[in-house]
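Notes follow once the structure below has been shown.
So that the names make sense, note that chain A is the first sequence line, chain B the second, and so on, each numbered from 1.
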2 protein chains.
Amino acid sequence: MDQSTLCPRFEKGMQLLSKRWTVLIIYQLLSGPKRFGTIESSIPISGRLLSERLKDLESEGIVNRHIYPEIPVRIEYSLTEKGFALEPIIRDMEQWCKQWIELEEETTVR
Amino acid sequence: MDQSTLCPRFEKGMQLLSKRWTVLIIYQLLSGPKRFGTIESSIPISGRLLSERLKDLESEGIVNRHIYPEIPVRIEYSLTEKGFALEPIIRDMEQWCKQWIELEEETTVR
DNA sequence: TCTTATTAGTTACTAATTGTAAGTAATTAT
DNA sequence: ATAATTACTTACAATTAGTAACTAATAAGA
């Protein structure tokens, strides 16, 4: 019983963007190219998933992967035009969160 | 090794918004209050998860639940101010998807 | 030579989340 | 008595995520 009146591009896009960590990874890349380890330490994601997500984002044309054959190897991830087109949306999401999301207080012992 | 420089509200908010189906549910409610069954048939989500997501959204103050004690009972879900504050963001996401997401062609038998 | 360090992952395994299908309660219609 | 309707639950299988240890290639240090 799904007479999905939904735009299939929207549905597919949301499937991608609403995977856990995806937006936060793109967010990290808004400020410029980053290496695997840098992204890994800036958000609490595991290496396994970061590797998986970066592959997805690369295959969707949102992220570029550039290899510098140094020793040890250096690999930089950066946003494509398609990726940068998300910048205003992600900045707005950040603003929405800052305005509307409340954190639960730690119950501090006094 | 996570010296998370990330705004905790942003992180928490994204954890919420990037749960599967969440944005699409809110999107359905942008056009006005909707009943459980209506949402269920407009996106390919299961009843189990829709129920779970609506509870989350209600407890986060994004969605209101209004009971009309008719027979059979009618329940309507609508957006709160916090929920409607997401409207421009979700519309922009829809636009981004329409512009950048490509669908894989069905391999048709000829 | 042997050990350690570095980067960018991968592997194996467990835990948590999702999907599927059937079931429930309350009531009216047939 | 049976079926239909709505808004869910429940039980269980399948998929995805999290954790921790491991790998390859090379260089520096003891």
Checklist entry - Once you round it to whole Å, what is the distance between C1' of C:dA8 and CG of A:Leu54? => result 11 Å
Checklist entry - Looking at B:Arg65, does any N or O in its side chain come under 4.0 Å of the phosphate oxygens OP1/OP2 on D:dC8? => result yes
Next on the checklist: Nearest heavy atom decides the nucleotide; on that basis, is B:Pro72 or B:Leu49 closer to the 5' end of DNA chain C?
Outcome noted: B:Leu49
Checklist entry - Should we count CD of B:Glu81 as having more than 12 external heavy atoms under 6.0 Å? => result no
Checklist outcome for this item: Here the distance between atom P of C:dT18 and atom CD1 of B:Ile45, to the nearest Å, is 9 Å
Checklist entry - Between B:Lys98 and A:Arg9, which heavy-atom pair has the shortest distance, and what is it? => result O-CD, 3.7 Å
Next on the checklist: For A:Glu40 versus A:Ser46, what's the shortest heavy-atom pair and its separation?
Outcome noted: OE2-C, 4.3 Å
Checklist entry - Counting only side-chain N and O atoms of B:Trp21, is one of them less than 4.0 Å from OP1 or OP2 of C:dG19? => result yes
Item to check | Atom pair CD1/CG of B:Ile90 and B:Leu17 - distance to nearest 0.5 Å | outcome: 7.5 Å
Checklist entry - Are any of B:Arg20's side-chain N or O atoms less than 4.0 Å away from OP1 or OP2 of C:dG19? => result yes
Checklist entry - Under 4.0 angstrom, heavy atoms only, what part of the nucleic acid is B:Tyr68 near: base, sugar-phosphate, or nothing? => result nothing
Next on the checklist: Suppose we call a contact any N or O donor and acceptor under 3.5 Å apart; does that hold for the side chain of A:Arg48 and the base of D:dA17?
Outcome noted: yes
Item to check | Under-4.0 Å side-chain N/O to phosphate OP1/OP2 contact, B:Lys19 with D:dT16 | outcome: no
Item to check | Distance in angstrom units between A:Ile39 CD1 and C:dT7 C1', rounded | outcome: 13 Å
Checklist entry - Do A:Arg91 and A:Tyr27 touch side chain to side chain, with heavy atoms closer than 4.5 Å? => result yes
Checklist entry - Is there a side-chain polar atom (N or O) of B:Tyr77 under 4.0 Å from OP1 or OP2 of D:dC8? => result yes
Checklist entry - Quick one: B:Ile75 CD1 to D:dT5 P, roughly how many Å, whole number? => result 18 Å
Checklist entry - Which whole-number value in Å describes the distance from B:Glu70 CD to C:dA29 P? => result 14 Å
Checklist entry - Can you tell me how far P of C:dT7 sits from CZ of A:Arg35, to the nearest Å? => result 6 Å
Next on the checklist: I want to check one thing: is the phosphate of C:dT10, taken as OP1 and OP2, less than 4.0 Å away from some side-chain N or O of A:Ser51?
Outcome noted: yes
Checklist entry - On DNA chain D, nearest-nucleotide positions of A:Ile71 versus A:Gly47: which is more 5'? => result A:Gly47
Item to check | Atom pair distance, as rounded to whole Å: CG in B:Asp56 and C1' in C:dT17 | outcome: 12 Å
Item to check | Length of the CZ-P vector between A:Arg74 and C:dA5, whole Å | outcome: 23 Å
